[in-house]
Engineer: 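Encoded as structure tokens, here's the structure I'll be asking about.
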Amino acid sequence: MSAPMRLELAPAERPFLPRGVRMARDRVRGGAVLLALEKAIALDAIGEAILSRVTGEATFAEIVADLAATYDAPEGRIAEDVQRFFVGLRARRYLEVRS
């Protein structure tokens, strides 16, 4: 029996949107949405700010540091919030990571 997938990201892991998942503008309601197969998830400004930094190249730690610098916020708090957001997306398979 295989071990359950770990959802938390390590600092050096690089999150990316898997094939079939992308961020787009919602022309009807305004704002951004995360589009997946037959699903659209409305993003608030925080979700949009986080996902706009998911390039597949930036590490979790780099994303956190960039957000903390941009919003002049404590890195520890940003890391907790981003981790929680990413774990939710990974649980639904809207986000994957590479080492």
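The shown structure was predicted, so the numbers you read here are calculated from the model rather than taken from an experiment. Values below: all heavy atoms of this structure, side chains included; hydrogens, waters and symmetry mates excluded.
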Engineer: Tell me, which pairs form a side-chain hydrogen bond (donor to acceptor under 3.5 Å, both in side chains) where one or both residues lie in residues 42-56, sequence neighbours left out?
Structural biologist: Arg25-Glu48, Arg53-Asp66, Arg53-Thr70
Engineer: Provide the closest heavy-atom pair for Pro15 versus Ala58 in the form atom of the first, atom of the second, distance.
Structural biologist: CD-O, 3.4 Å
Engineer: Let me confirm one number: the CG-CZ distance from Leu7 to Arg84, rounded to the nearest 0.5 Å.
Structural biologist: 14.5 Å
Engineer: Short question: side chain of Arg77, backbone of Ala73 - any donor-acceptor pair under 3.5 Å?
Structural biologist: no
Engineer: Does some side-chain heavy atom of Gln83 sit less than 4.5 Å from a side-chain heavy atom of Glu8?
Structural biologist: yes
Engineer: Enumerate the side-chain hydrogen bond (donor to acceptor under 3.5 Å, both in side chains) contacts for residues 10-21, please, sequence neighbours excluded, ordered by first and then second residue.
Structural biologist: Arg6-Glu13
Engineer: Output the rest of the hydrophobic cluster of Leu43: all Ile, Leu, Val, Met, Phe, Trp and Tyr residues reachable through side-chain heavy-atom contacts under 4.5 Å, sorted by chain and number.
Structural biologist: Leu9, Leu17, Val21, Met23, Leu34, Ile41, Ile46, Ile50, Leu51, Val54, Phe60, Ile63, Val64, Leu67, Tyr71, Ile78, Val82, Phe85, Phe86, Leu89, Tyr94, Leu95, Val97
Engineer: Where is the tightest heavy-atom contact between Leu35 and Ala40, given as atom of each residue plus distance?
Structural biologist: CD2-CB, 3.6 Å
